[in-house]
Amino acid sequence: MLDAALLFFAGLLGGMLNAVAGGGTFITFPTLVFLGIPPVAANATSTIAALPGYLASAIGFRNDIRAIHDAPFLKLTVWTMIGGAIGSGLLLVSSNKAFSALVPFLLLAATLVFSFADDVRRMASRWRSVVVPFGLGILMPVAVYGGYFNGGLGIVLLAMFAMWGMTDLHQMNGLKCWLSFALSIVAFAVFAAGGAVAWGPAAIMAAGTITGGYAGAPVARRIPRPALRLLIAVIGLGMTAIFFWRLIQGA
């Protein structure tokens, strides 16, 4: 019962964070690892558990998504799914030992990107004059990364949208949640076919992400972003330190 409560709470918090600003992986993935699930399966399970939360968040941002003009949603969705399938396939062929060695560095990179999200978006926006709006050249590698690890994906997507010339943060968050959902759908198929999902923990955590994901959209308009970003950055750095310690200890 304690494990189930922990899984649900991690999903709740992770789903809310993903809807607000990203960073839910800093909560869900470590929780699964600490409960004894092997790293590759934990990453796959975390991605699957986030799926309904992304959909709930996209529904919460539906009016903002409708307000986006000239976005080729079908093209963006299809290419996101293709990139996600490639990344998910790469995860399946990774051993737990190899993936465990990469995790601290992936978490650190995701935390740094998250911590300097505004700077990243501002730097990215400088390229909007030379980047084709809604182009696929940047989307594909981002989707591959999302299929492989998913941590910090939301911030990377927001930076990409800034490069495309988008400026409305709520519209950007809505598109982020939709593309994250599309990526998670194909990851679900790949991970399920590869037998990499811990279904019991995934179901419990998914129930939490649905609640947190749907509640996260209106919360995004009320919580002071600097305070929230600081909290998530601290969590990300803490988890990074723990996984570096585990790597040094050979865990």
Side-chain angles (χ1 to χ4, degrees), residues 15 18-22 24-25 44 46-92 113 117 120-121 124-125 127-194 197 206 209-210 213-214 216-218 220:
N18 283 333
V20 174
T25 302
S46 175
T47 300
I48 299 308
L51 190 157
Y54 286 137
L55 178 60
S57 298
I59 293 173
F61 280 110
R62 60 189 178 278
N63 292 329
D64 299 292
I65 295 175
R66 290 194 193 104
I68 302 174
H69 299 293
D70 302 322
F73 286 104
L74 179 59
K75 181 177 74 171
L76 296 178
T77 301
V78 169
W79 282 97
T80 296
M81 295 177 78
I82 292 173
I86 295 171
S88 301
L90 289 174
L91 178 66
L92 287 184
V113 169
V120 170
R121 283 201 300 272
S125 66
W127 291 88
R128 58 187 163 192
S129 61
V130 296
V131 172
V132 177
F134 307 111
L136 304 177
I138 304 172
L139 175 60
M140 179 58 69
V142 169
V144 171
Y145 167 78
Y148 184 77
F149 183 60
N150 203 256
L153 175 64
I155 302 304
V156 178
L157 285 172
L158 291 177
M160 181 179 66
F161 299 158
M163 293 180 72
W164 288 348
M166 297 181 67
T167 56
D168 187 300
L169 189 56
H170 295 310
Q171 291 180 5
M172 294 163 75
N173 267 324
L175 184 58
K176 174 200 73 179
C177 292
W178 171 252
L179 293 183
S180 296
F181 169 69
L183 189 150
S184 297
I185 283 287
V186 72
F188 176 92
V190 173
F191 293 148
V197 182
T209 67
I210 294 172
Y214 192 77

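Because the structure is a prediction, the values reported are computed rather than measured.
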Give me the atom names and distance for the closest heavy-atom approach of Ile210 to Pro52. CG1-CB, 3.3 Å

Indicate yes or no: at least one non-hydrogen side-chain atom of Leu153 is less than 4.5 angstrom from one of Leu183. yes

Residues that Phe161 engages under ring pair (Phe, Tyr, Trp, His ring centres under 6.0 Å), provided they are two or more places apart: Trp164

With the side chain counted from C-beta on, respond yes when Gln171 and Leu175 share a heavy-atom pair under 4.5 Å apart, and no when they do not. no

Would you name the heavy atoms of Ala192 and Val197 that are closest together and state the gap between them? N-CG2, 4.2 Å

Under a 4.5 Å cut-off applied to non-hydrogen side-chain atoms, are Trp178 and Leu76 in contact? no

For Thr77 versus Ala182, what's the shortest heavy-atom pair and its separation? CG2-CB, 3.7 Å

The reported gap from OG in Ser184 to CG in Leu179 (rounded to nearest 0.5 angstrom) is 10.5 Å

Sidechain-backbone polar pair: Thr209 side chain, Ala206 backbone, donor-acceptor under 3.5 Å: yes

Minimal non-hydrogen separation, Ala187 against Thr47, with atom names: CB-CG2, 3.9 Å

If you compare all heavy atoms of Arg66 against all heavy atoms of Asn63, which two are closest, and at what distance to 0.1 Å? NH1-OD1, 2.7 Å

Side-chain heavy-atom pair Leu158, Asn173 within 4.5 angstrom cut-off: yes

Between CZ of Phe191 and CG of Leu91, what distance do you get to the nearest 0.5 Å? 4.5 Å

Shortest non-hydrogen pair, Ala143 vs Trp79, comes out as CB-O, 4.4 Å

With heavy-atom distances below 4.5 Å as the criterion, would you say the side chains of Ile65 and Phe73 are in contact? yes

Would you say the side chain of Ile68 lies within less than 4.5 Å of the side chain of Met166, judging by non-hydrogen atoms? yes

Considering residues at least two apart in sequence or located in another chain, which fulfil the side chain to side chain contact (heavy atoms under 4.5 Å, CB included) criterion with Ile185? Leu51, Met81, Phe181

